Amino acid sequence: MEKARIQDLKDFIGKEVTINGWLTNKRSGKGLEFLIIRDGSGFLQCVVSLDNVGEEIFQRAKTLSQESSIEITGLILEDERQIGGFEMQVSDLKVIGAANAYPITNKPHGVEFLMDNRHLWLRSRRQWAIMRVRNRLIFAIHNFFQQEGFVQMDAPIFTGNAVEGTTTLFGTEFYDETAYLTQSGQLYGEAMAMAMGKIYTFGPTFRAEKSKTRRHLSEFWMIEPEMAFYNNEMNMDLIEKFIKYIVKTVKEQSSFEFSILERDTDIFDKIAGEKFPRLTYDQAVRILRGEEKVNGKTTIETLESDFKNVLRDIEDKHKAIEEAEKEIKAGVKKGKRNYLQNKIDTLKNEIKDLEERKRVIPQWIESAQNFKYGNDLGGSDETVLTRMFDLPVMVYNWPHEVKAFYMKRDEKDPNLAKGVDVLAPEGYGEIVGGGERETDLDLLIGKIHEHKLPMEAFEWYLDLRRYGSVPHAGFGLGLERMVAWICKIKHIRETIPFPRMYGRLFP
RNA sequence: UCUCCCUUAGCUCAGUUGGUUAGAGCACCUGACUGUUAAUCAGGGUGUCCAAGGUUCAAGUCCUUGAGGGAGAGCCA
């Protein structure tokens, strides 16, 4: 019997095939078993009918437990109602490996339980979809840079010194010396760019920040392009072209995954079609404080109307809960009661989220109004800024004090550095940070002193300015933050197969 | 490092002003139902109420300390 993967079933309509997979869910009727199987490439409902297969195979199907691995054979039919659009009329079923009391059921579980069972959680439909999008994203990123004539390079993971002195590093042993796990491949990227013209790194990055937030990992993957003969303007053009390419490609290739994730992809069309707002830091601060309007509204006005909407939503949901509870009290059938109880639970969770927003929006308003010129943008400030545009927002020309030592000083205003941050919409915040690099040897040496970094460790880097220095620029993109935003996942821990974060080293 | 919240059955949770024998759904098992979409319906039993100490006639419930987890701030991609 010919074997097939679920993703290729369109070539097997009306034919009999064998599929290897796992049972993900099961429903039953008299003389009928509906097995929902997955094989890694998709999902398929397989119908086992007592009349077709006989008593022995039917019993096998009836007692099959969740996540048992099987070899299943049958006729493939088109059926638009089913997941994936196909269905199998089963003629044979073999059990490869039975699963006993699989811990993750088709009902809700808590975060801690799921994280402890991450090795199994990856089999679930949502996690499957996220990992598939991640895969597509990685491929699209490589495609983009290869098409643009970039050379991929691997930067070292062991490093002898910090790139940005402020960040905490993971120390490790390197023979008789102390080495640190890399927190950026950028300096090495600059060296390689002088050899290749345009390069990009794609590798793991480690930061020992004791951050317990939804946007932080201790180990994450970063893409860092670096281009010779590039200024910050060209850099921003490239970033915009890059993000437009990514969202367009991923939308085309992952529609099934996005439907599982219930991700509305309309915003990707807007992003691919419209020009990204580019704000100087000064202008971003004015907008944030409510001194400058966007589309006729200030941030304060926008947030206050958001706040009112939140209050109204909370009230509506409380009313809906009351009504459902009344209905249950009046006495309904068990099925209806379960349905209503589920609805109430969902509403309660939604209210929790809304209460969180209700608590937080006034704080955002206050922090935006009182924003101090010269500071870096905080998490809420980023959310507020992007809320005004519903597009990725580029903020450039920053006060040089908040940026890294290698950032190029603005010729027109020595207080500014030619860096750029790209803020993702929908509350996701900074996904890209980059800028033009300092080429002035003396300024660079001064900055290394200022940041109290060990000069001898940077001699090789200074050589890049001594031998044929050119204007150059680049940026860094956090893959997991990108995946989180593209999939509209709340927490970054679901965007990488086995997250390493503060308080989590297993499994 | 700081602030707030949580910890009750294998899992998700409810448990009123402290008051008798701590509950529900799911998972699991048995049966019913010939097209189910988290199928449904009937039946079946399970607890170190996170730990230690305290208040009280009486603690899952109140207090103190500790452990684990979550959300946020700072820092950052």
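Chain naming here is simple, since letters A, B, ... match the order of the sequence lines and numbering starts at 1 in each. All figures in this text were calculated on a predicted structure; none of them were measured in a lab.
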Output one line per pair: protein atom, nucleotide atom from nucleotides 7-11 of chain B, and distance, for all N/O pairs under 3.5 Å.
residue : atom : partner : partner atom : Å
B/C11   : O2'  : A/H109  : ND1          : 2.3

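Remark: the A/Q82 side chain and the B/U36 base include a donor-acceptor N/O pair separated by less than 3.5 Å. If you check distances only, the side chain of A/E33 never reaches the base of B/G35 with a donor-acceptor pair under 3.5 Å.
Stacking of A/K244 on the aromatic ring of A/F276 is recorded, both the 6.0 Å distance cut-off and the 45° axial limit being met.
Side-chain N/O atoms of A/N25 include none lying less than 4.0 angstrom from OP1 or OP2 on B/U36. Remark: A/R214 is in phosphate contact with B/G72, judged by side-chain N or O atoms under 4.0 Å from OP1 or OP2. Regarding contacts with the backbone of B/A77, a side-chain N or O of A/R207 is found under 4.0 angstrom from either OP1 or OP2. Regarding contacts with the backbone of B/G70, a side-chain N or O of A/K212 is found under 4.0 angstrom from either OP1 or OP2. For B/A39, one of the phosphate oxygens OP1 or OP2 lies less than 4.0 angstrom from a side-chain nitrogen or oxygen of A/R27. Contact between the side-chain N/O atoms of A/H216 and the OP1/OP2 oxygens of B/G74 is not found at any separation under 4.0 Å.
Counted within 6.0 Å of CZ on A/F139, heavy atoms from surrounding residues, nucleotides or ligands total 12 or fewer; the atom is thus considered open. Within a 6.0 Å radius of CD in A/E366, no more than 12 heavy atoms belonging to other residues, nucleotides or ligands are found.
For the pair A/R493 and A/V402, nearest-nucleotide mapping onto RNA chain B gives the more 5' position to A/R493. When each of A/I492 and A/D79 is assigned the nucleotide of RNA chain B with its nearest heavy atom, A/D79 is the one assigned upstream, toward the 5' end.
The residue A/V432 sits close only to the backbone: its heavy atoms come under 4.0 Å of sugar-phosphate atoms, none of a base. Across all strands, A/K62 comes closer than 4.0 Å to no nucleic acid atom at all (heavy-atom distances). Base engagement by A/Q89 is indicated by at least one non-hydrogen atom pair under 4.0 Å involving a base atom. Nucleic acid contact class of A/E480 (heavy atoms, under 4.0 Å, all strands): none. Counting non-hydrogen atoms under 4.0 angstrom, A/L217 reaches a base of the nucleic acid.
Residue-nucleotide stacking is present for A/F220 and B/A77, judged by a side-chain ring centre under 5.5 Å from the six-membered base ring centre and planes under 30° apart.
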task: Just do the side chain to side chain contact (heavy atoms under 4.5 Å, CB included) check on A/L50 and A/L32 with the steps written out, would you?
output: CA-CA 6 Å; A/L50 178 60; A/L32 279 176; over 6 Å; no
- prompt: Please walk me through it: do A/L238 and A/F150 pass side chain to side chain contact (heavy atoms under 4.5 Å, CB included)?
  reply: CA-CA 12 Å; A/L238 182 73; A/F150 283 64; 3.8 Å; yes
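Not counting sequence neighbours, the partners of A/Y245 by the ring pair (Phe, Tyr, Trp, His ring centres under 6.0 Å) test are A/F144.
Closest to the side chain of A/E382, from the set B/G35, B/C76, B/G70, is B/C76.
In summary, the side chains of A/Y200 and A/E226 do not present any donor paired with an acceptor at a separation below 3.5 Å, with no hydrogens or angles considered.
Between A/F475 and A/F242, the ring planes lie tilted relative to each other; the angle falls in the 30° to 60° range. Aromatic ring orientation, A/F268 versus A/W485: perpendicular (interplanar angle above 60°, classes split at 30° and 60°).
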task: Any chance you could encode RNA chain B as dot-bracket? Rule is Watson-Crick or G-U wobble with both distances under 3.5 Å; [ ] for pairs crossing earlier ones, | for another strand.
output: (((((((..((((.....[...)))).(((((.......))))).....(((((..]....))))))))))))....
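Remark: P of B/U36 and CD1 of A/I36 are 13 Å apart, rounded to the nearest angstrom.
Of all heavy-atom pairs spanning A/P499 and A/R504, the tightest one is O-CG, 3.7 Å.
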